[in-house]
Amino acid sequence: FGSSRRARAQRDSHRRQRSQPSDGGRPPALCSRGCCGGGSVAGRALHRAATPTCASMEVRSGSRPSSSSSQRARAASVGALQASSGGGRRLSLAGGSLVASNATKLDLYTSIRHDPSNRSLVLEASSKDRYALLHATKSLKGDREIVVSAVRHCGDSLLLSSLHGDRGVVSEAVSGLGDSLRYADKKFRGDREVVLRAVTQDGLALRYATDKLQDDREVVLTAVRQTGRALRHASKRLQGDLEVVMEALNQNNTSLAYVASESQESVYGVGPDGCVYYQPLETLSATSDWELQSKGGMAFISVFGPRMYAVGTDGYIYKQMMVTMSPETDWKGPLTGGEIQMLSIAIGGGFIYGVAQHNKRVYKQVLTRMSPTSSWDGPISDETVEITSIFINEDQMYGVGVDAKLYKQNYFTMCNTSEWKGPLTNTMDVKGIAFYGNKVYALSLDNKVHWQLLVDFNPYTDWRLASQGDTISLAVCATVLKEACQDMLEEEWRAKGYHIERRRAAEKARGPSG
């Protein structure tokens with residue numbers, strides 16, 4: 001019990017010692033807000049000078065200082081502050097407010113709180129403090145000179161002003177901080193010039209633009225060049241635009257998450273000139289036109305994933321990304337070499353299969369290991385049926401014989417003694433075959449495209465004309481831009497050796513085995 005009383009007495013003594021002023025004089029004046037209790041002499045003087053009429057200012061005796069004593073306190077405060085700053089900080093009492101010639105943000109902010117109608121003070125503060133307009137009067141929040149000064153310092157100040165509908169003020173705000181477009185009148189979200197200014201400074205400001213401007217190619221390109229992640233706020237159409245997507249990925253490859261994942265169904269054909277031509281599957285008809293898609297020199301094409309593989313007129317294999325393929329882009333290759341030249345190819349199960357020119361039998365090799373020095377395994381097909389072109393659908397390999405008839409066999413069990421089943425069609429002689437969806441497409445000997453339903457596919461079903469184009473090889477597929485971009489990024493990472501670094505990091509994280 002006695003020790004508890006002594007402990008309480010010691011605590012009370014410590015409290016009394018802490019409450020004594022540092023200058024040994026009378027206890028400091030206390031504000032009911034608790035903001036000036038204790039502290040240095042200069043700190044207490046600043047509070048008294050900046051808040052001369054504060055109703056909450058009380059001394060410990062409970063008496064309120066008179067007007068004359070307040071003036072004396074303010075004058076003493078200035079002297080105390082100047083003395084504490086060593087004379088380098090000059091203060092004045094102009095306009096009834098305490099302002100330093102090199103005033104800090106805190107000084108200006110405090111002064112405005114207690115003199116919100118002082119225009120010169122608010123104007124000076126607006127170029128230094130983003131919150132200068134917070135306590136300014138309503139008339140000053142609508143003062144164009146003050147507001148322009150404020151938004152040039154920080155665009156967020158537009159929120160505190162009353163000039164959200166002034167085009168000049170909004171333009172100044174978004175030029176310095178594109179995200180401040182959110183505080184402007186909604187009419188500016190459809191103003192192309194204002195939105196362009198905003199996305200030039202901050203591409204993510206595209207989120208506040210109207211649907212029309214989010215579908216504007218120039219606006220979106222400007223945004224994704226500033227930050228690739230702005231692709232998230234582009235229209236669905238532009239999320240599938242190759243140029244827009246490539247600009248976004250070049251700026252930030254994490255924008256891959258926002259690339260359109262919708263597929264585009266297409267028909268590709270090789271013309272007599274060796275060039276690849278293209279048209280959308282939905283518009284394929286007897287009167288539709290083919291659009292030039294690549295350089296010449298090809299004889300046969302096959303699609304696997306986002307890439308097109310082709311057999312050149314030299315019998316070797318080349319490839320190209322379909323989404324970037326154009327008459328100006330070059331084919332990569334040759335990817336194969338050696339003495340065996342191919343007539344046609346097909347890809348499935350991790351292997352690439354090819355029909356050799358010299359004996360018209362099928363050979364194969366691992367797709368990922370294909371190179372000019374790799375060798376073909378085979379032949380893996382029977383010599384009784386000579387094949388000119390092949391196509392893989394599910395677990396079946398379809399082959400067109402030299403007799404222009406269609407045959408098939410399971411390519412997983414294919415060997416040099418397995419037999420081709422067929423012929424599968426007798427109503428039309430064919431030179432090429434392709435499967436897509438619920439249809440079978442075939443090239444007739446006069447280079448026209450025909451089709452029939454897969455469920456009706458049999459030797460006696462008639463073929464229907466699909467295109468009059470002059471085509472010597474055919475591929476029908478769906479291209480997905482997102483899949484192609486991911487594949488291109490992975491290829492770039494492998495070329496830079498990033499996959500090796502990631503593998504080493506994973507091994508290091510796992511630690512020593514066993």
Side-chain angles (χ1 to χ4, degrees), residues 105 112 119 122-252 254-255 257-260:
K105 291 182 180 180
I112 293 173
R119 188 180 185 279
V122 175
L123 180 60
E124 179 187 359
S126 65
S127 62
K128 299 179 180 179
D129 187 358
R130 63 190 300 178
Y131 299 113
L133 296 179
L134 183 60
H135 294 291
T137 60
K138 186 175 182 180
S139 61
L140 293 183
K141 289 181 179 180
D143 188 304
R144 200 172 189 280
E145 182 183 0
I146 292 177
V147 174
V148 168
S149 174
V151 298
R152 282 177 179 171
H153 172 69
C154 181
D156 276 345
S157 297
L158 184 63
L159 172 65
L160 304 175
S161 78
S162 58
L163 298 180
H164 310 115
D166 188 301
R167 193 173 188 276
V169 171
V170 172
S171 295
E172 290 286 352
V174 300
S175 295
L177 184 67
D179 192 66
S180 61
L181 182 60
R182 68 163 85 180
Y183 306 126
D185 276 357
K186 290 187 177 180
K187 64 181 180 181
F188 293 115
R189 300 187 178 194
D191 188 310
R192 193 172 186 274
E193 183 180 346
V194 171
V195 172
L196 269 173
R197 281 174 174 258
V199 299
T200 300
Q201 198 281 326
D202 182 0
L204 292 178
L206 184 63
R207 74 181 80 179
Y208 307 116
T210 59
D211 292 344
K212 181 179 179 181
L213 291 182
Q214 288 178 348
D215 193 48
D216 187 302
R217 203 164 185 274
E218 182 184 354
V219 172
V220 173
L221 276 172
T222 304
V224 298
R225 283 169 181 159
Q226 200 282 324
T227 173
R229 295 185 68 83
L231 184 64
R232 176 179 184 178
H233 307 292
S235 65
K236 291 293 184 183
R237 181 181 72 88
L238 293 181
Q239 285 178 347
D241 185 285
L242 180 61
E243 183 182 0
V244 172
V245 167
M246 295 307 296
E247 289 285 354
L249 291 175
N250 288 336
Q251 204 285 324
N252 188 337
T254 63
S255 58
Y258 311 118
V259 178

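FYI, the numbering just counts along the sequence from 1.
With sequence neighbours excluded, the residues that form a side chain to side chain contact (heavy atoms under 4.5 Å, CB included) with Gln214 are Leu206, Ala209, Asp211, His233. Residues passing the salt bridge (Lys or Arg N to Asp or Glu O under 4.0 Å) test with Asp202, sequence neighbours excluded: none. Evaluation of the salt bridge (Lys or Arg N to Asp or Glu O under 4.0 Å) rule for Asp185 yields no partner, not counting sequence neighbours. Residues satisfying the salt bridge (Lys or Arg N to Asp or Glu O under 4.0 Å) test with Arg217, not counting sequence neighbours, are Asp241, Glu243. The salt bridge (Lys or Arg N to Asp or Glu O under 4.0 Å) check on Arg182 picks up Asp179, with sequence neighbours excluded. Residues passing the side chain to side chain donor-acceptor pair (under 3.5 Å) test with Arg144, sequence neighbours excluded: Asp166. For Thr222, the side chain to side chain donor-acceptor pair (under 3.5 Å) test picks out no residue, with sequence neighbours left out. In this view, Glu172 and Arg152 satisfy the side chain to side chain donor-acceptor pair (under 3.5 Å) rule, not counting sequence neighbours. In this structure Ser139 satisfies the side chain to side chain donor-acceptor pair (under 3.5 Å) test together with Thr137, sequence neighbours excluded. Evaluation of the side chain to side chain contact (heavy atoms under 4.5 Å, CB included) rule for Asn252 yields Arg229, Thr254 as partners, not counting sequence neighbours. Partners of Ser127 under the side chain to side chain contact (heavy atoms under 4.5 Å, CB included) rule, at least two apart in sequence or in another chain, are Ser149. Legend: residues meeting side chain to side chain contact (heavy atoms under 4.5 Å, CB included) with Arg197, ordered by chain and number and at least two apart, are Ser171, Val174, Ser175, Glu193.
Using a 4.5 Å heavy-atom cutoff, the side chains of Leu196 and Glu218 are in contact.
Taking both residues in full, the closest heavy atoms of Asp156 and Tyr183 are given as OD1-CE1, 3.2 Å, listed atom of the first, atom of the second, then distance.
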